[in-house]
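The structure under discussion appears below in the form of structure tokens.
Note that the structure is a prediction, hence the values are computed from the model and not measured. Heavy atoms only: backbone and side chains are in, while hydrogens, waters and symmetry mates are out. Within every chain, numbering begins at 1; the chains are lettered A, B, ... in the order of the sequence lines, protein sequences first and strands thereafter.
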Number of protein chains: 2
Amino acid sequence: MSLSYSHIKDKISESGLKVTHQRIVILNTVLQMDNHPTVEHIYESIKDANPSISLGTVYKTVEAFVNNGLLSKVSTNEGQMRYDPKLDNHGHIYCSNTSEIIDYFDDELNDMILSFFKNKRVSNLKIKNITLQINGDKIDPEKDVLIK
Amino acid sequence: MSLSYSHIKDKISESGLKVTHQRIVILNTVLQMDNHPTVEHIYESIKDANPSISLGTVYKTVEAFVNNGLLSKVSTNEGQMRYDPKLDNHGHIYCSNTSEIIDYFDDELNDMILSFFKNKRVSNLKIKNITLQINGDKIDPEKDVLIK
DNA sequence: TCTTAAATAAGAATAATTATCAATTAGGAA
DNA sequence: TTCCTAATTGATAATTATTCTTATTTAAGA
């Protein structure tokens, strides 16, 4: 396993964190999940193969990842925080009826918003990021949402 | 008091909810607070004048207001939900170091985003609203953030 | 290999929110 | 106006998500 995870290990190491088995498993899992998991989701998904990793460790680990720029934290109107391995500028579509968060990447939109704020004078604020949230309900929960 | 609150009473009544003393006090408070209060903030701010209104009632009431279109619910990266009496389209500036949420109204931006999505085909999603979140840190916590 | 600060597991503690339920009340019907 | 009923409320228990504590283990550099 140590070989196949070399990419993950490098990411963790480069972020300034110690490389541990737990961190490798958790980061790898979130990178593969692609559905903005909660801590509980992550825990459930690693539990069988890694029964010794505790829920508390998952909490501490994702928080460390957020602080070290490996994940971003997404809040919703339903309590649990969710975690996103995609760090480049993108929006989120929240489906309140299915609790889904769908990434929305659009360079044109990004440029538009960015250039809009270029022309604004924002005083007394160090902007970290600007995110667009599209809130709605999925019409057919079985089918995907598509924007094109 | 019944006279001076007639506007508030009408709003509650028109939303389909029964008009109660508790609801009048709570809605009036949130409308005046203007800082996206948490339930705890609202409770603290009404408590002295209304010691009989319980915390649970504040929770139930703001949730009823959200469901009936009198308030909107705003989530942050720090646990508590916050409530916003402004329902027209606007963005939020989150200052993570001061926990402030500042409204950002800009017609030009609204139009821009709206017309952007006019030209997109969004399938299988009933869009409820689109919000821009500007995340950052206040540089001087004593001073205001301004965008112009 | 040794050392040490950082990370972990287990479980207790806390914070925010929701649920329960008996008593009260708003608002429409009589 | 009075009555009726379903909705609302207060008090408090329960739940959920998250953080804290502490003894033990471990990564990574000397």
Side-chain angles (χ1 to χ4, degrees), chain A residues 1-2 5-6 8-27 29 36-44 46-47 49-68 70-71 73-83 99, chain B residues 1-2 5-6 8-27 29 36-44 46-47 49-68 70-71 73-83 99:
Chain A
M1 116 141 59
S2 39
Y5 283 114
S6 61
I8 302 279
K9 288 162 109 173
D10 287 349
K11 281 190 127 186
I12 295 171
S13 188
E14 282 160 18
S15 83
L17 292 170
K18 282 190 180 178
V19 177
T20 68
H21 172 67
Q22 291 85 339
R23 286 174 175 168
I24 295 168
V25 169
I26 293 169
L27 185 56
T29 300
H36 307 80
T38 63
V39 164
E40 205 66 40
H41 288 147
I42 300 166
Y43 179 67
E44 286 304 316
I46 66 175
K47 190 165 73 176
N50 304 270
S52 72
I53 299 182
S54 74
L55 180 60
T57 294
V58 182
Y59 272 101
K60 277 178 284 192
T61 301
V62 293
E63 213 46 39
F65 287 165
V66 169
N67 292 333
N68 289 60
L70 293 175
L71 293 180
K73 196 177 184 174
V74 180
S75 62
T76 73
N77 279 12
E78 333 165 32
Q80 300 118 297
M81 291 297 164
R82 300 178 61 166
Y83 295 87
S99 296
Chain B
M1 126 156 34
S2 38
Y5 284 115
S6 62
I8 303 280
K9 289 162 108 172
D10 288 349
K11 281 190 125 183
I12 295 170
S13 188
E14 283 159 18
S15 84
L17 292 169
K18 283 191 181 178
V19 177
T20 67
H21 171 67
Q22 292 83 341
R23 286 174 175 168
I24 295 167
V25 169
I26 292 168
L27 184 56
T29 300
H36 306 82
T38 63
V39 164
E40 204 66 42
H41 287 147
I42 300 166
Y43 179 67
E44 286 303 318
I46 65 175
K47 190 166 72 177
N50 304 271
S52 72
I53 299 181
S54 74
L55 180 60
T57 294
V58 182
Y59 272 102
K60 277 177 283 193
T61 301
V62 293
E63 212 48 37
F65 286 164
V66 169
N67 292 333
N68 288 60
L70 293 174
L71 293 180
K73 195 175 183 175
V74 180
S75 62
T76 73
N77 279 11
E78 331 164 34
Q80 298 117 299
M81 290 297 165
R82 300 177 63 164
Y83 295 87
S99 296

Nucleotide [N], atom [atom2] - distance to [atom1] of [X] in whole Å:
X	N	atom1	atom2	result
Asn68(B)	dA7(D)	CG	P	13 Å
Tyr43(A)	dT8(C)	OH	P	15 Å
Asn67(A)	dT19(D)	CG	C1'	14 Å
Lys47(B)	dG10(D)	NZ	C1'	15 Å
Ile53(A)	dA10(C)	CD1	C1'	15 Å

Worksheet item: Quick one: bend of the helix from dT1(C)-dA30(D) to dA30(C)-dT1(D) from 5 pairs per end, to 10°?
Response: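 If I round to tens, the end axes sit 40° apart.
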
Item to complete: Taking atom types as modelled, find out whether Gln22(A) and Thr61(A) have a side-chain donor-acceptor pair closer than 3.5 angstrom.
Response: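 There is no such pair between these side chains.
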
Practice prompt. Begin with the C-alpha distance, continue with both residues' side-chain angles, and end with the deciding distance and a verdict on side-chain contact (heavy atoms from CB on, under 4.5 Å) for His21(A) and Asn50(A).
Written response: CA-CA 10 Å; His21(A) 172 67; Asn50(A) 304 270; 3.2 Å; yes

Worksheet item: On DNA chain C, nearest-nucleotide positions of Pro51(A) versus Gly16(A): which is more 5'?
Response: Gly16(A)

Worksheet item: Can you name the residues that form a side chain to side chain donor-acceptor pair (under 3.5 Å) with Thr57(B), not counting sequence neighbours?
Response: Ser54(B)

Worksheet entry | Contacts of Tyr43(B) that satisfy side chain to side chain donor-acceptor pair (under 3.5 Å) - sequence neighbours left out |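 None.
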
Discussion item. Can you see if the side chain of Ser54(B) gets near the phosphate of dG10(D) - specifically, an N or O under 4.0 Å from OP1 or OP2?
Written reply: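 The answer is yes; a side-chain N or O of Ser54(B) sits under 4.0 Å from OP1 or OP2.
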
Worksheet entry | Distance test, side-chain N/O of Gln22(A) to OP1/OP2 of dT26(D), below 4.0 Å | no

Worksheet item: Atom CD in Glu78(B), atom CE in Met81(A): separation rounded to 0.5 Å?
Response: 8.0 Å

Worksheet item: From Ile26(B) CD1 over to Leu71(B) CG, what is the distance, rounded to the nearest 0.5 angstrom?
Response: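 Taking CD1 in Ile26(B) and CG in Leu71(B), the distance rounds to 10.0 Å.
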
Practice prompt. Check salt bridge (charged side-chain N to carboxylate O under 4.0 Å, His left out) between Glu44(A) and all other residues, then give those that pass, not counting sequence neighbours.
Written response: Lys47(A)

Worksheet, complete the sentence: Note: Lys73(B) and Asn77(A) closest approach over all heavy atoms is O-ND2, 3.6 Å

Response to the item:
Going 5' to 3' through nucleotides 14-30 of chain C and flagging B where a protein heavy-atom sits under 4.0 Å of the base, S where only the sugar-phosphate is that close, and - otherwise, we get --SBB-B-----BS---

Practice prompt. Sorted by first residue and then second, give each salt bridge (Lys or Arg N to Asp or Glu O under 4.0 Å) pair with at least one member in residues 17-26 of chain A; sequence neighbours left out.
Written response: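 Listed once each, the pairs would be none.
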
